[in-house]
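So the structure is just underneath, and the comments pick up after that.
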Amino acid sequence: MVLAPEHPLVEKLTTPEERPAVEAYVAQAARQSEIDRLSLEKDKTGVSIGAYAVNPVNGERIPIWIADYVMMTYGTGAIMAVPAHDERDFEFAVKFGLPIHPGHRPGPTGWPRALSFPARCAPA
């Protein structure tokens with residue numbers, strides 16, 4: 001799960017151990033324009049806040065991160081990242097070694113075209 005750095009839950013949920021890194025990251029993100037933060041060309045950045053959410057479908061604990069590609073001005077400022085099916089989430093998960101669980105299985109003719117980019121993370 002990824003929150004916008006300026007999301008109000010960041011302050012409430014950040015653990016004491018992660019607070020210095022989170023505060024530094026929030027300050028750094030605040031210095032960027034929204035256009036810069038949304039650029040597809042820039043390197044993915046983010047930090048863990050040390051807290052976890054629970055996936056309501058399977059009960060799995062999900063680490064909560066903040067990243068500057070998530071915006072408070074778009075939706076709720078919080079995303080349930082789907083790295084197996086979203087290119088930005090995929091790049092973020094790979095960079096930070098986060099788990100990637102495909103939510104779909106290939107059909108008899110393979111992956112649907114819309115889901116073809118994450119095939120490298122699909123189960124064999």
_Run the side chain to side chain donor-acceptor pair (under 3.5 Å) test against Thr76 and tell me which residues pass, sequence neighbours left out._
none
*Could you tell me which non-hydrogen atom of Val70 sits nearest to which non-hydrogen atom of Ala4, and how far apart they are?*
O-CB, 3.2 Å
*Taking all non-hydrogen atoms of both residues, which atom of Met72 and which atom of Pro8 are closest, and how far apart?*
CE-CD, 4.2 Å
_Check whether Tyr25 reaches the backbone of Asp68 with its side chain - one donor and one acceptor, N or O, closer than 3.5 Å._
yes
*With a 4.5 Å limit on heavy-atom distance, are the side chains of Arg37 and Pro5 in contact?*
yes
*Are Tyr52 and Ile66 connected in a single hydrophobic cluster, I mean Ile/Leu/Val/Met/Phe/Trp/Tyr linked by side-chain heavy atoms less than 4.5 Å apart?*
no
Which side-chain N or O atoms in residues 16-24 pair as donor and acceptor under 3.5 Å with protein atoms at least two apart or in another chain?
from  : atom 1 : to    : atom 2 : distance (Å)
Glu17 : OE1    : Thr15 : OG1    : 3.3
Arg19 : NH2    : Glu11 : O      : 3.4
Arg19 : NH2    : Thr14 : O      : 2.9

*To the nearest 0.5 Å, tell me how far Met1 CE sits from Leu13 CG.*
9.5 Å
